[in-house]
Structure formats: structure tokens, C-alpha cells
Novice: 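Sending over a structure as C-alpha cells; questions will come in a sec.
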Amino acid sequence: TKSCDYNKFSPRKGITLNPGVYCGGLSFGSGSFYMEPGTYIIDQGDFSVSAQAVITGDGVTIFMTDSSRTKSSDKTGTFVMSGGATVNLSAPLSGSNALMLFVVDPLSSVSGAHVIGSASGEMMGNIYIKKGSLSLAGNTNFKFGCVTIVAELIQFSGKFSGKGTCPYSSSSTTGNMAKSQVILTE
């Protein structure tokens with residue numbers, strides 16, 4: 001078990017967050033928040049962005065896990081963005097977490113939904129949910145840059161719109177998500 005830097009943390013408006021271990025989850029209410037570069041380990045809790053929250057951060061990796069997991073108990077959380085949230089996050093460009101934005105521990109047995117609903121913003125980096133699903137729902141409007149999504153299930157519902165751009169590649173793709181390359185594998 002890793003020691004906790006924060007427990008069931010809900011930051012006040014305008015606060016700058018630091019990388020570390022957030023036990024019991026990290027929950028953003030309304031207001032503006034800045035995430036310093038680094039790895040945010042969410043241990044046994046959700047990464048939740050709700051009602052009119054504005055989250056900004058460059059060089060950020062969010063890792064969902066349960067450091068006390070056993071074969072019969074896994075409390076790895078999910079990430080949920082909803083209710084008019086604006087999320088502008090980018091992954092690090094180098095180091096051990098290069099281009100990894102959202103990661104659910106590959107050893108986790110949790111298969112709960114990871115939802116982006118009625119949210120907007122720009123996310124640059126990969127989303128890895130080996131045993132779970134990603135649902136892009138509601139009136140979601142995102143710009144995705146250099147994104148690879150790995151999940152058991154990816155669902156689009158409601159009025160989803162977005163664009164994809166990858167400024168770090170000589171073969172950048174810009175345009176409507178429907179025109180971007182999609183590869184499905186088993």
C-alpha cells in the first residue's frame with residue numbers, strides 16, 4: 001500500500017494541484033483548477049469532474065488503481081466528466097509516462113464505465129482502459145490530439161462532436177472525427 005498524500009480530496013476553487021497519491025478519489029466541483037505536471041495516482045476512488053469545473057494542466061498523467069487489491073476485492077475507480085465541465089489536459093511528451101493521459105491499472109479487474117458526458121475541452125494523450133469501457137455521451141464536444149484509446153468497449157451516444165489534431169507528428173490529422181482514422185481490433 002502506498003502512503004496517501006491526499007484523502008478523498010475535493011479542492012477549493014482556484015487551487016493548484018500537485019502530483020501525488022490521492023486515496024479515496026479526486027473530485028472537482030465548480031470553479032477553475034490547475035494541475036501541475038506529473039503523475040496523479042488515484043487509489044481506490046474516482047477522478048470526478050462535475051458542474052461547471054474548468055480543469056487545466058500540461059504534462060499530466062492520471063493513473064487509476066487499487067494498491068490494496070486482492071483477488072476478491074478491487075476498488076479501482078473510474079474517471080467521470082460531466083455537467084458542463086471543461087477539461088484541458090495534455091500528457092507528458094517524454095519520460096516513462098510519455099503521451100499517457102488517462103490510465104486504468106491493467107491489473108485491475110474493475111470493468112466500470114468511464115464516462116465523458118456533456119463536457120468539452122481539449123485532451124492530448126492516450127486513454128488506456130484495458131478491461132473497461134469509455135462512453136462519450138451527451139452534448140460532448142472535445143478536441144482530441146494524438147489520442148489512442150484502448151478499451152474493451154467504446155460507446156458514442158447523444159450529440160458528440162469533436163476534432164482530432166496531432167501537432168507532434170509529421171502526419172498530423174486535422175478534421176472532423178468521422179474523417180479521422182479509426183482502427184478496431186480484438
Side-chain angles (χ1 to χ4, degrees), residues 1-2 4-11 17 19-31 33 35 38-57 60-92 97 99-142 144 147-160 162:
T1 302
K2 295 184 180 200
C4 302
D5 297 310
Y6 306 91
N7 286 295
K8 295 183 181 177
F9 195 66
S10 292
L17 281 83
V21 180
Y22 289 77
C23 296
L26 176 55
S27 180
F28 297 94
S30 64
F33 307 91
M35 297 178 76
T39 302
Y40 293 75
I41 298 170
I42 313 299
D43 194 346
Q44 296 185 358
D46 296 332
F47 179 87
S48 177
V49 184
S50 63
Q52 308 307 314
V54 178
I55 312 298
T56 305
V60 170
T61 298
I62 298 162
F63 184 79
M64 312 295 294
T65 192
D66 177 355
S67 63
S68 301
R69 174 187 321 102
T70 65
K71 288 184 179 183
S72 61
S73 175
D74 188 342
K75 297 177 184 170
T76 300
T78 61
F79 57 87
V80 179
M81 296 171 219
S82 61
T86 302
V87 180
N88 296 300
L89 294 175
S90 66
N97 291 330
L99 296 179
M100 298 307 292
L101 183 57
F102 287 101
V103 179
V104 176
D105 190 336
L107 299 176
S108 173
S109 61
V110 172
S111 61
H114 298 75
V115 179
I116 300 172
S118 300
S120 64
E122 185 168 356
M123 289 194 285
M124 186 162 309
N126 298 320
I127 299 171
Y128 182 83
I129 312 167
K130 182 179 179 183
K131 296 179 182 173
S133 63
L134 176 65
S135 176
L136 300 162
N139 293 317
T140 302
N141 183 9
F142 265 102
F144 289 102
V147 172
T148 298
I149 299 172
V150 175
E152 277 187 324
L153 177 66
I154 302 171
Q155 296 177 308
F156 294 91
S157 63
K159 185 179 175 186
F160 173 82

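We count residues from 1, following the sequence as given.
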Novice: Distance check, rounded to the nearest 0.5 Å: Ile154 atom CD1 versus Ile149 atom CD1?
Specialist: 5.0 Å
Novice: My understanding is that only residues two or more places apart in sequence, or in another chain, count here; which of them pass side chain to side chain donor-acceptor pair (under 3.5 Å) with Ser82?
Specialist: none
Novice: Please report the closest heavy-atom contact between Pro19 and Gly38, naming both atoms and the distance.
Specialist: CG-CA, 3.6 Å
Novice: If the condition is side chain to side chain donor-acceptor pair (under 3.5 Å), which residues does Thr61 pass it with, not counting sequence neighbours?
Specialist: none
Novice: Can you see which heavy atom on Asp46 is nearest to which on Thr78, and at what distance?
Specialist: OD1-N, 2.8 Å
Novice: As a quick check of understanding, evaluate side chain to side chain contact (heavy atoms under 4.5 Å, CB included) for Met64 and Ser108, giving each step before the final call.
Specialist: CA-CA 9 Å; Met64 312 295 294; Ser108 173; over 6 Å; no
Novice: Excluding sequence neighbours, so at least two apart, what forms side-chain contact (heavy atoms from CB on, under 4.5 Å) with Thr148?
Specialist: Asn126, Val150
Novice: Taking ring pair (Phe, Tyr, Trp, His ring centres under 6.0 Å) as the test, write out the residues that go with Tyr6, two or more places apart.
Specialist: Phe9, Tyr22
Novice: Less than 4.5 Å apart, side chain to side chain, heavy atoms only: is that true for Leu26 and Pro11?
Specialist: yes
Novice: Side chains of Leu17 and Phe28, heavy atoms from C-beta outward: is any pair under 4.5 Å?
Specialist: yes
Novice: Take Gln44 and Asp66, measure what side-chain hydrogen bond (donor to acceptor under 3.5 Å, both in side chains) needs, and give me the verdict at the end.
Specialist: CA-CA 5 Å; Gln44 296 185 358; Asp66 177 355; 2.7 Å; yes
Novice: CG of Asp43 to CG of Asp5: how many Å apart, nearest 0.5 Å?
Specialist: 11.0 Å
Novice: What's the spacing between Ser90 OG and Met124 CE if we round to 0.5 Å?
Specialist: 7.0 Å
Novice: CG/Asn88 to CD1/Ile55 distance, rounded to the nearest 0.5 angstrom?
Specialist: 9.5 Å
Novice: Any chance you could measure Thr65, atom OG1, to Leu107, atom CG, to the nearest 0.5 Å?
Specialist: 7.5 Å
Novice: Applying side-chain contact (heavy atoms from CB on, under 4.5 Å), can you list everything that pairs with Val60, at least two apart in sequence or on another chain?
Specialist: Met35, Tyr40, Ile62
Novice: Minimum heavy-atom separation for Ala151 to Gly132, with atom names?
Specialist: CB-O, 3.6 Å
Novice: What is the ring orientation for Phe47 with Phe102, classed by angle as parallel under 30°, tilted 30 to 60°, or perpendicular over 60°?
Specialist: perpendicular
Novice: Using every non-hydrogen atom in the two residues, find where Gly125 and Ala91 come nearest and quote the distance to one decimal.
Specialist: CA-CB, 4.0 Å
Novice: Tell me the closest heavy-atom pair linking Ala85 and Val49, and the distance in Å.
Specialist: CB-CG1, 3.6 Å
Novice: Looking at every non-hydrogen atom in both residues, tell me the closest pair between Glu152 and Lys131 and how far apart they are.
Specialist: OE1-O, 3.2 Å
Novice: Got a second to check how far Met81's CE is from Ser48's OG, nearest 0.5 Å?
Specialist: 9.5 Å
Novice: Using salt bridge (Lys or Arg N to Asp or Glu O under 4.0 Å) as the criterion, list what pairs up with Asp105, not counting sequence neighbours.
Specialist: Arg69
